[in-house]
K.L.:
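Just dropping this structure here.
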Amino acid sequence: MALRIATWNVNSVTARLPRLVAWLERTGTDVLCVQELKVAEAAFPYEELRALGYEAAVNGTGRWNGVAVISRIGLEDVVTGLPGGPGFPDDEPEPRAVSATCGPVRVWSVYVPNGREVGHAHYEYKLRWFEALRGAVAGDAAGPRPFAVLGDYNVAPTDEDVWDPAVFAGSTHVTPAERAALAALRETGLTDVVPRPLKYDRPYTYWDYRQLAFPKNKGMRIDLVYGNGPFAEAVSDAYVDREERKGKGASDHAPVVVDLEV
DNA sequence: ATGCCCAGTCTCACTGGA
């Protein structure tokens, strides 16, 4: 069966709802992992999505963060949150993970902490969060079922994944410790499913709103799809839908779309 | 024009994003 799975940091599901609905209709995506809902679970637009044939597993508590899995092919065994994960501040848990089984695949939608500045408490939180994620997904990553962790990882895997490495020297998103956390995650059996760009040479997924970053293609690849062997082997295509970054009312992130034949 | 930040809130000022 052909499956279309995607991940998209929408930067407020409320602000993005018209675009989200149009995008789902346009692309026919079966399973969408969403990040930065910026809305409480009770205010999530379940009805609008149900009208399109989708159900949703939502982890959201208010103005910051928030993640969901939106599926039109089933939604089972939902796990809300990152089991054993740290919180911030004062170890208060944040809504940054939700997982579900959708038909033949199991997916996680994750919004990894930003880190703010190297050495900041939020940066240490980010690294601890990655460790907990690794522990939580290791079993499914090594299993026989197609499995993937999709989301906004807030790490550029290599210097090729930022428009100018010199600009990011000393900043979060590119440090050896963050990249080591990604490598440790891959060691559980996950592969970086690198999408193709629809224009230019690099598959960036994020462009700042400011200073014409998108038209100048000053982007970063920080929205990632990490799939296990059975998932990666089923991939028939993967691309960044940069068209969705254009125009008024766009998120600052573009969707990453993965087509599977399972 | 892909076009010179955006979203949410404890809303006219601030936090957070990366």
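Lettering of chains follows the sequences in order, A, B, ..., and the numbering in each one begins at 1.
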K.L.:
Determine, for nucleotides 4-11 of chain B in 5'-to-3' order, which nucleotides have protein heavy atoms under 4.0 Å from the base (write B), from only the sugar-phosphate (write S), or from neither (write -).
P.N.:
BBSSBS--
K.L.:
Quickly work out the A:Y204 OH to B:dA18 P distance and round it to whole Å.
P.N.:
17 Å
K.L.:
Work out how far the C1' atom of B:dA18 is from that of B:dC12, and round it to whole angstrom.
P.N.:
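Going atom to atom, C1' in each nucleotide, I get 26 Å.
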K.L.:
Residues two or more places apart in sequence or in another chain: which of them pass side-chain hydrogen bond (donor to acceptor under 3.5 Å, both in side chains) with A:T172?
P.N.:
none
K.L.:
A:F147 and side-chain contact (heavy atoms from CB on, under 4.5 Å): which partner among A:D140, A:V107, A:T101?
P.N.:
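Only one option passes, and that is A:D140.
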K.L.:
With a 4.0 Å limit, can you tell me whether A:Y153 has a side-chain N or O closer than that to the phosphate oxygens OP1/OP2 of B:dA18?
P.N.:
no
K.L.:
Separation of A:N9 atom CG from B:dG17 atom P, in whole Å?
P.N.:
11 Å
K.L.:
Sequence neighbours excluded, which residues qualify as side-chain contact (heavy atoms from CB on, under 4.5 Å) partners of A:A181?
P.N.:
A:F130
K.L.:
Classify the side-chain pair A:Y209/A:N11 by whether it contains a donor and acceptor separated by less than 3.5 Å.
P.N.:
yes
K.L.:
At 4.0 Å (heavy atoms only), tell me whether A:N154 reaches a base, stays on the sugar-phosphate, or touches nothing.
P.N.:
sugar-phosphate
K.L.:
Decide yes or no for A:I222 and A:D152: does some side-chain heavy atom of the first lie under 4.5 Å from some side-chain heavy atom of the second?
P.N.:
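Yes - at least one pair of side-chain heavy atoms lies under 4.5 Å apart.
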K.L.:
What's the CG-C1' distance between A:N65 and B:dA18, to the nearest Å?
P.N.:
14 Å
K.L.:
Roughly how far apart, to the nearest Å, are B:dC10 and B:dG16 at atom C1'?
P.N.:
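That atom pair is separated by 15 Å.
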K.L.:
Looking for any heavy atom pair under 4.0 Å, which part of the strands does A:R245 touch: base, sugar-phosphate only, or nothing?
P.N.:
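Here A:R245 touches no strand at all.
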K.L.:
Between B:dG3 atom C1' and A:D252 atom CG, what is the distance in whole Å?
P.N.:
16 Å
K.L.:
With a 4.0 Å cut-off on heavy atoms, is A:D152 in touch with a base, just the backbone sugar-phosphate, or nothing at all?
P.N.:
sugar-phosphate
K.L.:
Members other than A:V194 in its cluster, when Ile, Leu, Val, Met, Phe, Trp, Tyr link by side-chain heavy atoms under 4.5 Å?
P.N.:
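Once heavy-atom contacts under 4.5 Å are chained together, A:V194 still belongs with nothing else.
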K.L.:
Let's see if you get this right: which residues in residues 158-177 of chain A place a heavy atom under 4.0 Å from DNA chain B?
P.N.:
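Nucleic-acid contacts, sorted: A:H173.
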K.L.:
Looking at side-chain heavy atoms only, is the closest gap between A:P146 and A:R106 below 4.5 Å?
P.N.:
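Side-chain contact under 4.5 Å: no.
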K.L.:
Given atom NZ of A:K248 and atom P of B:dG3, what is their separation to the nearest angstrom?
P.N.:
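After rounding, the gap between these two atoms is 10 Å.
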K.L.:
Of A:L20, A:V257, A:V10, A:I5, which is the lone residue that meets side-chain contact (heavy atoms from CB on, under 4.5 Å) with A:L32?
P.N.:
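Result for side-chain contact (heavy atoms from CB on, under 4.5 Å) with A:L32: A:L20.
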K.L.:
With rounding to the closest Å, how many angstrom separate the C1' atoms on B:dC6 and B:dT11?
P.N.:
15 Å
K.L.:
Could you work out the separation of B:dA1 and B:dA7 based on their C1' atoms and round it to a whole Å?
P.N.:
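The same atom, C1', in both gives a distance of 25 Å.
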K.L.:
Is A:H122 reaching over with its side chain to a backbone N or O of A:G115, donor-acceptor style, under 3.5 angstrom?
P.N.:
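Checking the backbone N and O of A:G115 against the side chain of A:H122, a donor-acceptor pair under 3.5 Å is found.
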K.L.:
When you match A:R242 and A:H122 each to their closest nucleotide on DNA chain B, which lands nearer the 5' end?
P.N.:
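It is A:R242, whose closest nucleotide lies nearer the 5' terminus.
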K.L.:
Looking only at atom C1', what distance separates B:dG8 and B:dC4, rounded to whole Å?
P.N.:
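To the nearest whole Å, 23 Å.
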K.L.:
Round to a whole Å and report the spacing from NZ of A:K218 to C1' of B:dA18.
P.N.:
15 Å
K.L.:
A:M220 CE to B:dG17 P: how many Å, rounded?
P.N.:
14 Å
K.L.:
Kindly write out the residues that satisfy side-chain contact (heavy atoms from CB on, under 4.5 Å) with A:R242, not counting sequence neighbours, or none if the list is empty.
P.N.:
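If we apply the side-chain contact (heavy atoms from CB on, under 4.5 Å) test to A:R242, skipping adjacent residues, the hits are A:L198, A:K199, A:Y200, A:W207, A:F214, A:K246.
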K.L.:
Using whole Å, what does the distance between atom P of nucleotide B:dA18 and atom OH of A:Y125 come to?
P.N.:
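Rounded to the whole Å, the gap is 13 Å.
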K.L.:
Counting any heavy atom closer than 4.0 Å, what does A:E36 reach on the DNA or RNA strands: base, sugar-phosphate only, or nothing?
P.N.:
sugar-phosphate
